[in-house]
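Scroll down for the structure; my scribbles are underneath it.
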Amino acid sequence: MKSSLPRSFLPVICALLLAACRIQKAPPELLSATPDSVFVGQPITLSGNQFGSEPSVTFVNVRDKSSLAGRVVSATTNTIQVTVPLIAPGQTSVRVGNDQGSSDPVPITILQPTPALTTITPANGLPGSTVVITGQYLNQIRTVRFNQLAAVIQDSTDTKLTLQVPSGIQRGPTFIVVDTKGGSFSVPFIVAGTPQITALSTRQIRPGAELIVQGVNLSDGVVSINGLATNRDQTIVQDNQIKTIVPENATSGKVTVTVFEKLIATSTDSLRVIRPPAITSISSNDGIAGDRIQLAGLNLSDITTLTFNATAVPFRVLTPSLLEATLPALGQAGNYTIGVSSVGGTAQFSQPFVYYVAPSNLSLSPARTIAEQNISVLGTSVYRITDVRINNQSVPIIGRTEGSAVQIGIPAGTVSGPVTVVNRAGQATTAAPLTIVQRPVVTNLVPAKARPGERVVITGSFLQNAQFYFFNTSTPASDGGKNEDNERWILVPSNAQSGPIRVTNISGESTQTDAFTVIRPVTITDFTPKSAKIGTAVIISGQNLSSVTGVRVNGGVLAAPFQVSGTSLVVTIPSGTVVGQICLTNDAGTTCTTANFTPIN
């Protein structure tokens, strides 16, 4: 659709529109700020015109051109209440803005507030180290000092101070004092390096032992173990290590080093405090190879070695108060001392442990006895005997000498035989049998006649140590060189008489041999007549004439008949007799008269 207005009206219309635009554009006009010197956070009043319904207020620092919006508390067309934002102190301009534009600036002065601390990094350090303080209003500095020593300021802004710890300052707690035109503040600081623990000399230790803590910046440090401080009188402190003694009541845990009560270093590893072990009881006081023995006590979980005397024995930890050991073959039987050891120390059981093997090297004392008597079986490892057998028949055990002997009783009716001794480790049998002595038995007597002092051999049974009494004697015959159960050698006593020999032994019973003849030489005291005709009887007197076996005249050449008559010997003089001795012969030899016999024609 084409306009019906004439072209001549267009310039007029445009001029009217431009005029209208100029009338509606009305930016705010700021005339003053009250007060004109103010602290951050305080309110000020802005006066002017055409502020509108939603004005904004901007504060611009003249020095660094930084700008911040203030918080409008209330506003009218002519007045604005606004809070000064957190802007740097110094000369500042204020503007009011709205949708119509921005006012010209009005100068104000932001006063230096009391400085405020945000952080100090680090809170400790050695002389020469750098410390950074952050906060607010840190500019307009008058002094910065560490206690009374001036700090070296390396850099400074209103929000950050970079300082250097002065040389010559004393170690320990102090204060950093920051003084500005707006005020001052102090912050605690420790002149010391941050302690660090790099290593412990051990991870397991016993109370009373020395612990070495290695690290850096450890000077003036106090060592604690799981919160328990060590004795300072027993501690040597250096910057790179601390030597201290573990308290008796210390418990396992981390190790810490505290410097000036504030700086704390903690070990990476925990320290295990291992207390001394103790053995209070064992499950058995004796055993053999392969047995399992349990040991009860205290602090056993850290045991590293279990010994029986000097021999290490395998074991396992059942609980902190209970171990189980498996006995190996320890070798020699006898008493053993049980010991345990750990980092915490060593301990021994108060009572000996008896280790034993099968008995051996058995002997009997006595080796011969009678029934219903007691004997001892001697040997090696005669421990914990459970059974003793004679001829495989158990006999009563009536006493023990642990390790070396066992005493047994011999029941009635027991016969001779080997003795077997049994314990849990095995058994052994005597090499020689036990002889149960019974009534002596004589089976042979050789020779059946002999001279005094000659040896007689007697065979039979139960003859060892038996006593032999020749006929009409009260003293036993002397030993002839052999004393065995089955054979005895004896000597014919000088006073022995012919007859049976009585034999006794420890059985209390006796037996007699066949008649034994004691042979003695013939003794001639006289003969009569000294001369006679052939065929005459000559009577010879003397001793042992009854044992004569032959008579010879003519000096022992010509045999003559004879006969025993009472205590005399009657000899008939044979033909052919000449002057000479009469000789008598028996088993003991030949005896001749001292005088000659002379025949009469």
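Just so you know, residue 1 is the first one in the sequence shown, and it goes up from there. Everything numeric in this text was worked out from a predicted model, so none of it was measured.
- Side-chain contact check for S541 and S568: no donor-acceptor pair (N or O, by modelled atom type) lies under 3.5 Å.
- Here the closest non-hydrogen pair linking S547 and V522 is OG-CG2, 4.3 Å.
- When all heavy atoms of F597 and T577 are compared, the pair lying nearest together is CD2-CG2, 4.1 Å.
- The two residues I582 and V551 come nearest to each other via the heavy atoms CG2-CG1, 3.8 Å.
- A donor and an acceptor atom, one from each side chain of S342 and T304, are nowhere located under 3.5 Å apart.
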Would D239 and S219 satisfy side-chain hydrogen bond (donor to acceptor under 3.5 Å, both in side chains), going step by step from the backbone distance to the final call?
-> CA-CA 4 Å; D239 196 57; S219 295; 2.9 Å; yes

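- Under the 30°/60° scheme for interplanar angles, the aromatic rings of Y383 and Y356 are found to be tilted.
- When the shell of 6.0 Å around CD of Q332 is examined, it contains 12 or fewer heavy atoms from other residues, nucleotides or ligands.
- For the residue pair R389/Q427, the side-chain donor-acceptor check at 3.5 Å is satisfied.
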What's the verdict on side-chain hydrogen bond (donor to acceptor under 3.5 Å, both in side chains) for T590 and T585, showing C-alpha distance, side-chain angles and the deciding distance?
-> CA-CA 4 Å; T590 299; T585 300; 2.9 Å; yes

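- Between the side chains of N586 and T549, not a single donor N or O lies within less than 3.5 Å of an accepting N or O.
- The neighbour count for R400 CZ, taken as heavy atoms of other residues, nucleotides or ligands under 6.0 Å away, is above 12.
- Nearest heavy-atom pair across Q373 and T369 is CB-OG1, 3.3 Å.
- A salt bridge links D485 with R368; the closest basic N to acidic carboxylate O contact falls under 4.0 Å.
- Residue L362 comes nearest to P359 through the heavy atom pair CD2-CB, 4.4 Å, listed as atom of the first residue, atom of the second, then distance.
- Residues S394 and D387 bring a donor and an acceptor atom of their side chains to less than 3.5 Å of each other.
- A donor-acceptor pair under 3.5 Å is absent between the side-chain atoms of N240 and the main chain of L218, judged by distance alone.
- Closest approach of P452 and P493 over heavy atoms only: CB-O, 3.5 Å.
- Inspection of the D269 and S267 side chains reveals no N or O donor paired with an N or O acceptor under 3.5 Å.
- Around atom CD of Q512, more than 12 heavy atoms belonging to other residues, nucleotides or ligands sit under 6.0 Å away.
- At a cut-off of 3.5 Å, with distance as the only test, no side-chain donor of N444 or T459 sits close to an acceptor on the other residue.
- In this model, no donor atom of one side chain and acceptor atom of the other lie less than 3.5 Å apart for S510 and T504.
- By the 30° and 60° cut-offs, the orientation of the rings of Y355 relative to Y336 is perpendicular.
- For the residue pair T346/S341, the side-chain donor-acceptor check at 3.5 Å is not satisfied.
- Within 6.0 Å of NZ in K449 there are 12 or fewer heavy atoms belonging to other residues, nucleotides or ligands.
- Aromatic ring centroids of F471 and F516 lie 6.0 Å or more apart.
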